[in-house]
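Okay, so here's the structure we're looking at.
This is a predicted model, so every value here is computed, not measured. These values consider heavy atoms only, across backbone and side chains, with no hydrogens, waters or symmetry-generated copies.
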Amino acid sequence: MSRHFPPIGSVFIKFADVKAKEVKYLTLFIILFIGFPLFGLEPEDSIGWTELEDFEIVKKKSGVSTLGGPEIGFKISQTEIFRAACCNLGESFTTNPSVDVSYTDAATGSKQIKLLGLSGNYVQLLTENLPNFRGAARPYALRYVPGPWMKSISVSKGSSTVKNGFESMSGQIDVEYLKPQDPAGVALNAYIDSQLKLEANADANFHLSPTLNTELLGHFEDRFLNHDSNHDGFTDMPDIRQFNFQNRWNMFTARYIMHAGIAVINEKSLAGQLEHPGGEEMLDPYKIDMKTQRYEAYMKHAFVLDKNHNSNIAWMSNGSFHRLDALYGVKGYDVKEWNLFSQLMFETDFKEKNNLSGGLSYNYDYLNQDLFLDSSNKIKELESTAGAYLQYTWKPIDKFTLMGGIRADWSSVYKWFVTPRFNLRYSPIENLTLRASAGKGYRSVFAWAEYNYLLASSRSLVVENLNQESSWNYGFNIEYRLPINAETLRFSTEYYYTHFNRQVIVDFETPHQLTIGNLNGKSYSHTFQIEASYESSFGLDATLAWRLNDVRTTYEGKLLEKPLNSRYKGLFTVSYSTAMDIWQFDVTLQLNGGGRMPAPYVLANGDWSWSERFPTYPMLNFQATRWFRHFSVYAGAENITNYRQKNPIVGSSDPWGPDFDSTMVWGPIDGIMFYAGIRFNFGKL
């Protein structure tokens, strides 16, 4: 593995010689050039007018809908995804009150999802009902799914179905990609922002026969400007150059359905020091160099046995090879990870209003890791898990659904464990729906792979002999829809309690040391959320939500508020579409509550490392979209309030010293950002 950070100019084409003022003018010109069609055409030019004798007014479908079954959750459609500059999965939840996306490290740019106040490690991430992005892929998985590729995102909160395994502890997030069987055609998407990040996406569907379809998905991104808004000498965002490709296939007959595909990701990420804050020449700058290669393949086969009873049998599998070659200053981490998941499923309505499903599953994880700290260490981890599940759904009337499931699994590391789960849906009166859930979850931790970004800190990293994580989750949701003429006012309130029997915690409380160890005491999460949304027939949609988190964990014998975790979140979103959906305007305001910081300590220069708590901060985003017959143009701004965490990297002036720490991130790293993009839909060529 290379120990030297290559000169930026020798890696990619850069604008290194362009002055900051010239870069701003160049970016403004590009954004105006792309955004010119926003004002360039009248509705007559884009729509064309035809006199109609009869017409029907159809209400536009909402971008967020409640999951139809007993599970508590929601589905985000592409309509909602396009309300923001959704460059990838990590930027898809800007307008959502339930899911947070936050930085885990200011130097590497790694992000995580937070659901029910808990980190993304407790959210099972699926792609089309297949577990995906495990181990070393987990810290950076949110940028591996391009936004324009997603057809929808389903979020299940709390205890979910046992069909997809035992790892859902706070919920599941399932990404549905664009389908090969969607209408044939070609679509393109281009994006650029004021930091000169460029993205290009393409998807093409080809119907080869009445029963066979294929799809090509392509993605490229690169950042052409190193940005340092807080002038600490470190780039705010890593320079990520990514190539992402998928080829997907679909075949179907009256009794057989097949889905299959392959995926390739090649990514290079460069970050670190740009210049010394004092202006002195740096002889040995601190650099972060990460190279990722990922290969995936999946297949699904479904056979219809009896249409009258919805009886079918299915077999689905996916496999991946993930290689990461990372350098954090002088620390190195290389990993080769193999994963295989396979599942055989059977489902039938064996009796009217009674559904039974069961199956067998197998998961294999093998990680071959090389760790370069003071000396070279080789770490190998292997776990294979085989299991079986049974799930029964009873729906005696439309107003009532009961779903109960249980699975038993055997791990080569942790032996036998059992996962029970329960979901209930009941509508006592029209427009009122009650849902409840309870269940258990488990998780195996591959510490070095999942937390490798912590090596960017100068803290010493200690990893103990870890147990399998185990938790119980209980949830309750009330939803009421109030019809107001042709409009709907929806109220929703919910409460979740998660209790850990066993947990792996990252202890930031000891100065100059990080410990990844087992919980010794209590750990729990209380989450309460209330939400109101309004859907009108004249183009105005609005959502107002408030969420309160009480997350506490035992550190060094003391039950403390979890650090770097916002106590509450307020969200207000407004979307307005003009007649015939020619224009669309979206505004999103977030209010992120403050929280506790790890115990501060005195730095070598005599200053305190940080305050005991971080403050409440706002985030304001805006986007305007102009729709045409075969394309749309959008432009907007993020973090309009220009709020930034002043010192996300502690000890940035001396990254080789003992106080250097890039993990104390609680807020935005970069300030206001402008962007623009264009989407083309050429239809069938």
Side-chain angles (χ1 to χ4, degrees), residues 90 93-94 96-106 110-123 169-171 230 451 453-454 457 459 495-500 503-511 514-516 519 521-530 545-572 589-601 608-620 639 641 643-650 661-670:
F93 302 101
T94 304
N96 189 273
S98 299
V99 182
D100 297 325
V101 178
S102 60
Y103 286 97
T104 56
D105 180 82
S110 63
K111 293 183 178 181
Q112 67 171 341
I113 285 174
K114 288 186 178 180
L115 183 62
L116 308 186
L118 299 172
S119 75
N121 289 336
Y122 303 114
V123 182
M169 302 178 80
S170 63
N230 58 5
Y451 297 102
Y453 59 87
L454 295 177
S457 171
R459 294 190 185 209
Y495 166 76
Y496 292 91
Y497 171 63
T498 306
H499 167 71
F500 285 90
Q503 187 182 18
V504 172
I505 63 171
V506 180
D507 188 350
F508 293 93
E509 303 299 323
T510 303
L514 286 171
T515 302
I516 302 176
L519 173 69
K522 294 182 179 180
S523 181
Y524 59 81
S525 166
H526 294 280
T527 301
F528 173 78
Q529 179 173 309
I530 186 169
W546 184 267
R547 188 187 72 236
L548 179 65
N549 297 321
D550 181 18
V551 186
R552 297 181 184 273
T553 304
T554 301
Y555 299 97
E556 300 176 354
K558 297 180 181 179
L559 184 63
L560 302 174
E561 182 183 343
K562 187 178 179 180
L564 304 170
N565 206 45
S566 293
R567 284 276 294 171
Y568 61 84
K569 178 180 179 179
L571 179 77
F572 179 60
L589 174 63
Q590 294 183 18
L591 186 65
N592 299 276
R596 187 181 76 89
M597 295 290 289
Y601 59 93
W608 283 98
S609 55
W610 47 74
S611 301
E612 292 184 352
R613 301 190 67 84
F614 64 88
T616 299
Y617 63 91
M619 291 282 287
L620 178 63
N639 194 9
T641 56
Y643 188 92
R644 293 171 294 178
Q645 182 178 345
K646 291 183 179 180
N647 299 300
I649 300 179
V650 180
D661 192 346
S662 57
T663 61
M664 296 295 107
V665 190
W666 49 262
I669 296 177
D670 49 353

Worked verdict on Phe528 versus His526 for ring-ring contact (aromatic ring centres under 6.0 Å, His included): CA-CA 7 Å; Phe528 173 78; His526 294 280; over 10 Å; no
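- A heavy-atom distance below 4.5 Å is found between the side chains of Pro600 and Glu612.
- When all heavy atoms of Asp507 and Glu509 are compared, the pair lying nearest together is OD1-N, 2.8 Å.
- Gln112 and Gly120 get closest at one heavy-atom pair: OE1-N, 3.5 Å.
- Side chain to side chain, Lys562 and Asn549 fail the donor-acceptor criterion of an N or O pair below 3.5 Å.
- Checking Thr641 against Tyr617 by side-chain atom types alone, no donor-acceptor pair falls below 3.5 Å.
- Between Thr663 and Tyr451, every side-chain heavy-atom pair lies at or beyond the 4.5 Å cut-off.
- Salt-bridge annotation for Asp105 and Lys111: absent, with no side-chain N of the basic residue lying under 4.0 Å from a carboxylate O of the acidic one.
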Worked check of side chain to side chain donor-acceptor pair (under 3.5 Å) between Tyr496 and Ser170: CA-CA 9 Å; Tyr496 292 91; Ser170 63; over 6 Å; no
Derivation and outcome, side-chain contact (heavy atoms from CB on, under 4.5 Å), residues Leu454 and Val506: CA-CA 10 Å; Leu454 295 177; Val506 180; 4.1 Å; yes
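- Using the six-membered ring where Trp is involved, Tyr568 and Trp546 have ring planes that are parallel, under 30° apart on the 30 and 60° scheme.
- Residues Pro563 and Tyr555 meet the side-chain proximity criterion, which asks for heavy atoms closer than 4.5 Å.
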Leu115/Phe93 under side-chain contact (heavy atoms from CB on, under 4.5 Å): CA gap, chis, key distance, verdict: CA-CA 11 Å; Leu115 183 62; Phe93 302 101; over 6 Å; no
Audit row: Asn230, Asn647, side-chain contact (heavy atoms from CB on, under 4.5 Å) steps and yes/no: CA-CA 8 Å; Asn230 58 5; Asn647 299 300; 5.9 Å; no
